[in-house]
A.B. asks: 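Just passing along the structure, written as structure tokens.
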Amino acid sequence: MNTDEKMLPAPISRRSPEKARQDLYDKYVALSQNLWWSWHTEVVNLFQALDPIRWRQLAHNPIALLREFTPERLERRVLELALHTKVDQAFRRMQEYMGNPPLCSRQNAGVLGSHPVAYFSLEFGLHESVPIYSGGLGILAGDHIKSASGLGVPLVAVGLFYDQGYFKQRLRADGWQEEDYIDTKVEYVPMERAVDKNGKKITVKVDTTTGPIYAKVRKMKVGRVDLYLLDTDLEENSAEDRELTSTLYGGNERTRIRQEIVSGIGGVRALRELGIYPGVYHLNEGHNAFATLEVIRQKMADDGKSFQEALREVAQQTVFTTHTPVEAGHDYFKADLIEEHLGPLREQLGLTKDQLMSLGRKDPTNASSSFCMTVLGLKLSRYANAVSSLHGKVSRQMWRDLWPQKEEEEIPIGHITNGVHVPTWMAWQIKVLFERHMPGWSQESNNREVWSQVYNIDPGELWETHCVLKHLLIIFTRRRLIRQLQRLHASEEDIEMAEGILDPTALTIGFARRFATYKRATLIFSDLDRLDKIVNNPERPVQFIFAGKAHPADNLGKKLIQQIAQIRQDPRFTNKVVFIEDYDINVARHLVQGVDVWLNNPRRPMEASGTSGQKAVLNGVLNLSVLDGWWAEAYDGSNGFAIGNGSAHVDDTINDKRDFESLISVLENEVIPMFYDVDEHGLPLKWIQFMMNSIATLAWRFSAHRMVSDYVQHAYLPAGGGTSVHMP
């Protein structure tokens with residue numbers, strides 16, 4: 001019997017009913033234990049079909065859903081829906097996926113096979129049922145490892161497990177954001193305790209001058225990628241340290257540095273315990289830069305190297321990605337915190353306090369300056385990159401003092417523009433459409449020629465698919481708004497009004513992201529009288545859907561949310577502006593798939609890259625954005641709309657006024673007329689042409705497969721001792 005035959009289920013006649021029933025249940029469980037299911041729509045549907053209402057109520061968590069099914073009940077439901085064959089096919093596909101990495105990865109990334117990439121990130125946005133992310137950085141990390149899995153890149157990932165995750169957002173009646181922290185049921189998360197080669201559960205220890213911190217190591221499967229998450233909820237720890245990994249981005253500087261030594265230093269030690277010896281260390285932002293110091297310590301201990309010798313070797317293996325041009329986005333720690341938490345490691349490295357501090361200072365001679373994690377990451381890596389072309393220029397200017405002998409254009413910070421994981425963010429209705437008209441698109445998502453086939457699609461069919469997604473978004477928005485109003489004990493009249501809010505035929509503009517002030521969420525409301533004329537035009541109405549969270553300590557961001565939430569009290573905008581609370585991956589998915597236009601208006605050049613607009617592209621949604629981040633290298637005049645001309649005034653007040661005028665002008669003179677210019681069949685043909693242009697020119701360029709391929713070619717293989725190649 002060959003291998004394929006062994007994988008096939010035995011015929012029903014050869015199995016007892018009890019065995020067949022248990023096999024079915026076991027296959028469902030196996031599918032739920034690897035997040036591979038989350039980007040395969042046909043597998044998602046196998047769970048959703050069992051109980052659509054509970055599926056939604058359980059945040060699309062298959063493990064929680066299966067806990068409500070006995071093998072007998074599951075079998076009855078599968079028989080009712082005739083799902084047996086589909087379950088077998090899904091299970092077989094997952095086994096084949098796991099057992100057969102793509103040929104291109106074996107040919108082009110083989111040198112990493114025995115010494116994989118170790119990808120460190122403080123958060124991972126994988127799915128709404130795994131709440132260990134807050135926003136863009138985590139979503140990017142999740143998309144990165146999903147594409148590494150798809151491409152077969154040898155990679156392991158390291159982070160922290162937060163048993164309360166990021167906060168759940170709740171708006172008061174006055175629109176003010178409040179935060180709830182809810183314990184995650186660990187048994188509902190697809191992970192297990194990591195063990196060493198002898199089957200012993202792994203626990204790592206990180207020493208500080210005030211005592212050790214212990215962390216257990218959990219393992220999660222993300223396709224072919226193993227994600228290791230450290231968790232300090234152990235009896236060996238103090239009460240303070242047991243709570244250390246409870247919340248993401250909570251607490252003060254002391255909490256943050258303790259999280260970062262656990263993630264960085266503890267993460268490297270966990271890999272050693274697992275018997276994993278990385279060839280490349282990829283630091284996703286500066287949060288994990290302490291990892292480099294631990295790798296240096298290991299090399300000094302293992303090979304007898306001096307600190308400088310080990311540093312040079314580690315730097316050659318380290319890839320550092322910086323994500324923010326905003327100063328507040330970089331971690332700084334004072335000398336006393338560094339000494340308390342790095343003192344034992346410093347002594348093992350043979351460094352004085354000043355020598356260690358100098359590694360994290362822009363100016364090593366300035367004894368009063370704090371320790372910057374980004375500076376450490378840049379100094380201890382030989383490959384550093386920003387996340388868009390414009391961000392590369394900003395980063396070279398921002399960190400030029402680290403290389404005073406070089407001209408700004410010679411600063412060794414390049415760029416690899418971010419991309420998004422196509423199967424995760426593309427609506428299944430769009431996938432079906434593409435499968436009919438674009439053969440091979442899903443196997444070559446970073447191939448330009450494949451995406452040019454979008455022009456083969458009938459304009460009416462593309463528009464009809466988009467309208468279906470828009471209707472689904474409006475249904476979702478109404479449901480969420482009603483739930484919000486019921487929680488606030490709103491009147492029956494208000495709830496009844498919410499049941500019919502938003503017009504499926506009106507131009508619908510979406511805005512969803514972190515509510516930092518530089519992102520200017522309220523820019524469109526700068527002149528309410530002018531906006532009134534736009535949104536309430538009876539022949540060409542416009543409506544807005546907003547979502548997003550402000551950091552718990554950011555009162556200015558909370559005020560922006562409150563301003564938008566209170567707009568609905570103005571009769572002119574009651575049915576034209578909606579704010580969906582508790583922004584997460586699920587909300588984002590609905591928005592980027594269903595709106596007509598994706599709005600983004602940060603102060604240039606403060607948006608490092610941005611990826612939400614890239615997700616919109618995959619679904620035929622057009623971008624209306626400031627020429628910042630990825631859009632500065634994406635916009636060509638026929639694939640979306642631009643706010644401003646790519647320049648920015650040094651005075652924020654003048655800049656905001658100028659960008660508002662441009663935004664309104666583009667809406668009035670380009671976006672709205674084009675959307676409502678329809679032929680005799682009701683089709684906005686020029687708009688649909690822009691949709692096709694957007695997909696054809698941008699989907700391949702801003703996919704995570706292209707992004708990860710760039711990292712392999714330009715960063716991973718050179719750092720790991722291989723030769724730069726092109727990954728198809």
A.B. asks: How about L151 and P102: do any of their side-chain heavy atoms sit closer than 4.5 Å?
C.D. replies: no

A.B. asks: Measuring from atom CD of Q713 to atom CG of L717, what distance do you get when rounded to the nearest 0.5 angstrom?
C.D. replies: 8.5 Å

A.B. asks: So do the side chains of Y383 and V280 get within less than 4.5 Å of each other, counting heavy atoms only?
C.D. replies: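 A side-chain contact is absent here, since even the closest heavy-atom pair is not under 4.5 Å.
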
A.B. asks: With sequence neighbours left out, write down each residue that passes salt bridge (Lys or Arg N to Asp or Glu O under 4.0 Å) with D584, or none if nothing qualifies.
C.D. replies: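 Listed in chain order: nothing, the list is empty.
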
A.B. asks: Any chance the side chains of H282 and Y716 put a donor and an acceptor closer than 3.5 Å?
C.D. replies: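 A pair is found: one side chain offers a donor N or O, the other an acceptor, under 3.5 Å apart.
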
A.B. asks: Restricting to non-hydrogen atoms, name the atom on V44 and the atom on W37 that form the minimum distance, rounded to 0.1 Å.
C.D. replies: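 So the minimum-distance heavy-atom pair works out to CG2-O, 3.4 Å.
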
A.B. asks: Report the residues that fulfil salt bridge (Lys or Arg N to Asp or Glu O under 4.0 Å) with R483, sequence neighbours left out, ordered by chain and then residue number.
C.D. replies: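 Per chain and number, R483 pairs via salt bridge (Lys or Arg N to Asp or Glu O under 4.0 Å) with no residue.
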
A.B. asks: Has K221 got more than 12 heavy atoms of other residues, nucleotides or ligands less than 6.0 Å from its NZ?
C.D. replies: yes

A.B. asks: How would you list, by chain and number, every residue that makes a salt bridge (Lys or Arg N to Asp or Glu O under 4.0 Å) with E42, sequence neighbours excluded?
C.D. replies: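 Partners of E42 under the salt bridge (Lys or Arg N to Asp or Glu O under 4.0 Å) test: R93.
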
A.B. asks: Side chain to side chain contact (heavy atoms under 4.5 Å, CB included) for Y162 and T184? Distances and angles first, verdict last.
C.D. replies: CA-CA 8 Å; Y162 308 95; T184 299; over 6 Å; no

A.B. asks: Determine yes or no for a side-chain-to-main-chain donor-acceptor pair under 3.5 angstrom, with N639 supplying the side chain and Y635 the backbone.
C.D. replies: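 Here the side-chain-to-backbone pair does not exist.
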
A.B. asks: Ignoring hydrogens and angles, write down the donor-acceptor pairs under 3.5 Å from the side chains of residues 111-120, residues two or more places apart or on other chains.
C.D. replies:
{"residue": "H115", "atom": "ND1", "partner": "Y277", "partner atom": "O", "Å": "2.7"}
{"residue": "Y119", "atom": "OH", "partner": "N284", "partner atom": "ND2", "Å": "3.4"}

A.B. asks: Work out which heavy atom in A608 is nearest to a heavy atom in S388; give both atom names and the distance.
C.D. replies: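 For A608 versus S388, the nearest heavy atoms are O-OG, 2.6 Å.
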
A.B. asks: Where the side chain of H590 meets the backbone of N586, is there a donor-acceptor pair that is under 3.5 Å apart?
C.D. replies: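 Yes, because the side chain of H590 sits within donor-acceptor range (under 3.5 Å) of the backbone of N586.
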
A.B. asks: Distance check, rounded to the nearest 0.5 Å: W428 atom CH2 versus E435 atom CD?
C.D. replies: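 Output value for this atom pair is 11.0 Å.
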
A.B. asks: Please determine whether side chain to side chain contact (heavy atoms under 4.5 Å, CB included) holds for the pair L126 and M220, giving the CA-CA distance in whole Å, both sets of side-chain angles, and the decisive distance to 0.1 Å.
C.D. replies: CA-CA 11 Å; L126 301 163; M220 188 179 298; 4.0 Å; yes

A.B. asks: List the atom of G594, the atom of L473, and the distance in Å for their closest heavy-atom pair.
C.D. replies: C-CD2, 3.5 Å

A.B. asks: Is a donor from one side chain sitting under 3.5 angstrom from an acceptor on the other, for R54 and Q57?
C.D. replies: yes

A.B. asks: Exactly one of E123, H421, K615 should register a side-chain contact (heavy atoms from CB on, under 4.5 Å) with I139. Which one does?
C.D. replies: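 Output: one option passes, namely K615.
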
A.B. asks: Under the side chain to side chain donor-acceptor pair (under 3.5 Å) definition, can you give me all pairs with a residue in residues 185-195, not counting sequence neighbours?
C.D. replies: none

A.B. asks: Got a donor-acceptor contact below 3.5 angstrom from the N446 side chain to the W700 backbone?
C.D. replies: no

A.B. asks: Quick one: list whatever passes salt bridge (Lys or Arg N to Asp or Glu O under 4.0 Å) with E80, sequence neighbours left out.
C.D. replies: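 E80: salt bridge (Lys or Arg N to Asp or Glu O under 4.0 Å) contacts with R77.
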
A.B. asks: What closest approach, in Å, do H391 and A386 show between heavy atoms, and which atom pair accounts for it?
C.D. replies: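 Distance-wise, the nearest heavy atoms are ND1-CB, 3.0 Å.
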
A.B. asks: Validate the cation-pi geometry between R513 and F515: distance from NZ or CZ to the six-membered ring centre under 6.0 Å, angle to the ring axis within 45°.
C.D. replies: no

A.B. asks: I'd like to check V454 versus W441 (side-chain heavy atoms, cut-off strictly below 4.5 Å). Are they in contact?
C.D. replies: no

A.B. asks: For residues A194 and L274, report the shortest heavy-atom separation together with the two atoms involved.
C.D. replies: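 Closest approach of A194 to L274: CB-CD2, 4.1 Å.
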
A.B. asks: Between A616 and W598, what is the shortest heavy-atom contact and its length?
C.D. replies: CB-CB, 4.0 Å

A.B. asks: Is there side-chain contact between R701 and T697, with at least one heavy-atom pair below 4.5 Å?
C.D. replies: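 Of all side-chain heavy-atom pairs linking T697 with R701, none is under 4.5 Å.
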
A.B. asks: Do the side chains of V595 and K470 get nearer than 4.5 Å, heavy atoms only?
C.D. replies: no

A.B. asks: Taking Q259's backbone N and O only, do any of them form a donor-acceptor pair with S263's side chain (distance below 3.5 Å, no angle check)?
C.D. replies: no

A.B. asks: Nearest 0.5 Å, please: how far is CG in N418 from OG in S703?
C.D. replies: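 Output value for this atom pair is 11.5 Å.
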
A.B. asks: S38: which residues meet the side-chain contact (heavy atoms from CB on, under 4.5 Å) condition with it, sequence neighbours left out?
C.D. replies: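 side-chain contact (heavy atoms from CB on, under 4.5 Å) check on S38 returns L35, H127, K146.
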
A.B. asks: Checking D710 now: which residues fulfil side-chain contact (heavy atoms from CB on, under 4.5 Å) with it, not counting sequence neighbours?
C.D. replies: I416, R706, H714

A.B. asks: State the NE2-CG distance between H705 and D143, to the nearest 0.5 angstrom.
C.D. replies: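 H705 NE2 to D143 CG: 11.0 Å, rounded to 0.5 Å.
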
A.B. asks: Give the intermediate values and the outcome of side chain to side chain contact (heavy atoms under 4.5 Å, CB included) for residues I580 and I545.
C.D. replies: CA-CA 7 Å; I580 302 175; I545 304 176; 3.7 Å; yes

A.B. asks: Given L229, which partner from the list L160, I132, V217 fulfils the side-chain contact (heavy atoms from CB on, under 4.5 Å) test?
C.D. replies: I132

A.B. asks: Could you walk me through whether M191 and V186 pass the side chain to side chain contact (heavy atoms under 4.5 Å, CB included) test, one step at a time?
C.D. replies: CA-CA 8 Å; M191 62 185 181; V186 177; 3.7 Å; yes

A.B. asks: Using modelled atom types only, decide if a donor and an acceptor are shared between the side chain of E285 and the backbone of H323 within a distance under 3.5 Å.
C.D. replies: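 Pair found, side chain donor or acceptor close to backbone of H323.
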
A.B. asks: Under the rule for side-chain hydrogen bond (donor to acceptor under 3.5 Å, both in side chains), what residues qualify as partners of Y711, not counting sequence neighbours?
C.D. replies: T321, N385

A.B. asks: Not counting sequence neighbours, list each pair that qualifies as a side chain to side chain donor-acceptor pair (under 3.5 Å) and has a residue in residues 448-457.
C.D. replies: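 Found Y455-N693.
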
A.B. asks: Under a 4.0 Å threshold between the charged nitrogen and the carboxylate oxygen, would E581 count as salt-bridged to K549?
C.D. replies: no

A.B. asks: Kindly assign one of parallel, tilted or perpendicular to the pair F47 and Y28, based on the angle between their ring planes and the thresholds 30° and 60°.
C.D. replies: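 Perpendicular.
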
A.B. asks: Within a strict 4.5 Å, meaning less than it, do heavy atoms of the L618 and I695 side chains meet?
C.D. replies: no

A.B. asks: Apply the salt bridge (charged side-chain N to carboxylate O under 4.0 Å, His left out) test between K168 and each candidate in D582, D183, D180; give the one that qualifies.
C.D. replies: D582

A.B. asks: State which residues pass side-chain contact (heavy atoms from CB on, under 4.5 Å) with S149; sequence neighbours excluded, sorted by chain then number.
C.D. replies: W39, Y97, R224, V225

A.B. asks: CG of L591 to OG1 of T477: how many Å apart, nearest 0.5 Å?
C.D. replies: 6.5 Å

A.B. asks: Quick one, F546 with F511, criterion ring-ring contact (aromatic ring centres under 6.0 Å, His included). Give me CA distance, side-chain angles, the key distance, then yes/no.
C.D. replies: CA-CA 5 Å; F546 287 83; F511 180 103; 5.6 Å; yes

A.B. asks: Got a sec, which residues hit side-chain contact (heavy atoms from CB on, under 4.5 Å) with H471, two or more places apart in sequence or on another chain?
C.D. replies: P504

A.B. asks: Please round to the nearest 0.5 Å and tell me the distance separating atom CD of Q429 and atom NZ of K431.
C.D. replies: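 One finds 10.0 Å between CD of Q429 and NZ of K431.
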
A.B. asks: Do D458 and L462 have side-chain heavy atoms sitting under 4.5 Å apart?
C.D. replies: no

A.B. asks: Any Lys/Arg nitrogen of R73 or E68 sitting under 4.0 Å from an Asp/Glu carboxylate oxygen of the other?
C.D. replies: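 E68 and R73: not salt-bridged.
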
A.B. asks: Less than 4.5 Å apart, any side-chain heavy atom of V387 and any of T417?
C.D. replies: no

